[in-house]
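Worksheet: the structure to be examined is printed underneath.
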Amino acid sequence: MRAFNFSAGPAAIPLEVLEQAAQEMSDWHGCGMGVMEMSHRGREFISIYEQTHQDLKELLAVPDHFKILFLQGGGIAENAIVPLNLSQGQGVDFVLSGSWSQKSFSEAKKYCTPSISASAQADGFHHLPNPSSWRLNPKARYVHLCTNETIHGVECHELPDLKALGVDTPLVIDFSSHVLAHPVDWGRVGLAFAGAQKNIGPAGLTLVIVREDLLGQAMAICPSAFDYSVVAQFESMYNTPPTYSIYIAGLVMQWLKRQTEDDLSGVLAIQARNHQKAKLLYDTIDGSALYENRVVKANRSVMNVPFYLKDERLNELFLQGAKTQGLLQLKGHKSVGGMRASLYNAMPLEGVQALVGFMREFERKKA
Ligand SMILES: *Cc1c(COP(=O)(O)O)cnc(C)c1O
């Protein structure tokens, strides 16, 4: 039986996708070989790549003056690759809103001079500093913002308009853990990156979407395989791309395109469903005497819901009970403790209904 998997990543993949991949594992579309075994330059794989690229561009409405790149190394490698490509060793601005932006900030120090424009560390990363309070350096090469802090459960629901804040600096967003969950306002973005293993597909693939005018500025020490302009010039095939991960991502894109909710489809449908899921869980937490979420309401993540049992001695019992109900991977990140339910696109509403049913029953029995 398939359980409801609340893992923060690598995370659940839609069952339809896994089943189709299983069927095509050893013989893709009658060509006599599986996708893992194909040359990345052959006709078959090129068609998979082109379809995936096109579906992604359509689903996220990526404008023509952006390049969509498929890389490797994950989000953490981008913490180095972004400064190598955009900083020219100079000043960059960081908004610290949780563990992920902190990690990005530390890594950037190796390549450039990052400054902290705003930080929520003093309150334990329970809110996103309001953009109007950010101290922005007009000469910064870019501003880094993690738009969904996967560990702290803090989400930026509306991208800042840096021009309106008085600077003409490109905004770099780490949208690893909420990519494809809602539309993106590309007019406010210079570069967006995401590891694939939350909402895109298997680990091993990294998505970078970059405005064309930001290409061609890489530092001399930047590895060629990570130089965005080289990767763009070779249509993500300068080196062998993670072919199987791209193929599964392509199946996920097709699954996303098939999603409907009332009269909505694709990303808008999944966004509506994601909001229903998150509301159900947050309402359950807020309405209970046992559970709590500490994030300021306006900045709560739709994707990652950390919560605590007010009596922490019940943690193990909670996790064990959840597991017997087929509710998996609810343990919070070790740095913050407690619980975390990740409600990525592949988590159906039924999974969250089952979770809140279990939570209410657990509280009733313990009260
Ligand atoms: C998962 C995640 C990453 C990617 O980490 P890798 O292990 O390098 O793939 C980066 N940023 C955020 C916000 C994440 O949630």
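Atoms within a ligand are numbered from 1 in the order they appear, just like the ligands themselves.
Judged as a ring-ring contact (aromatic ring centres under 6.0 Å, His included), and not counting sequence neighbours, Tyr142 has no contacts. With sequence neighbours excluded, the residues that form a ring-ring contact (aromatic ring centres under 6.0 Å, His included) with Phe125 are His152. Residues that satisfy the side-chain contact (heavy atoms from CB on, under 4.5 Å) test with Ala272, not counting sequence neighbours, are Glu261, Leu264.
Relative ring orientation between His144 and Phe94 is described as parallel, the plane-to-plane angle staying below 30° on a 0-90° scale split at 30° and 60°. Tyr247 and Tyr244 have tilted rings, their planes meeting at an angle from 30° to 60° on a 0 to 90° scale. The aromatic rings of His178 and Phe175 sit perpendicular to each other, their planes meeting at more than 60°, with 30° as the lower class boundary.
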Protein N/O near ligand 1 N/O, under 3.5 Å, which pairs?
from: ligand 1; atom 1: 8 (O); to: Gly75; atom 2: N; distance (Å): 3.1
from: ligand 1; atom 1: 8 (O); to: Ile76; atom 2: N; distance (Å): 2.8
from: ligand 1; atom 1: 9 (O); to: Gly75; atom 2: N; distance (Å): 3.4
from: ligand 1; atom 1: 9 (O); to: Gln197; atom 2: NE2; distance (Å): 2.7
from: ligand 1; atom 1: 11 (N); to: Asp174; atom 2: OD1; distance (Å): 3.4
from: ligand 1; atom 1: 11 (N); to: Asp174; atom 2: OD2; distance (Å): 2.7
from: ligand 1; atom 1: 11 (N); to: Ser176; atom 2: OG; distance (Å): 3.4
from: ligand 1; atom 1: 15 (O); to: Thr150; atom 2: OG1; distance (Å): 2.4
from: ligand 1; atom 1: 15 (O); to: Lys198; atom 2: NZ; distance (Å): 2.7

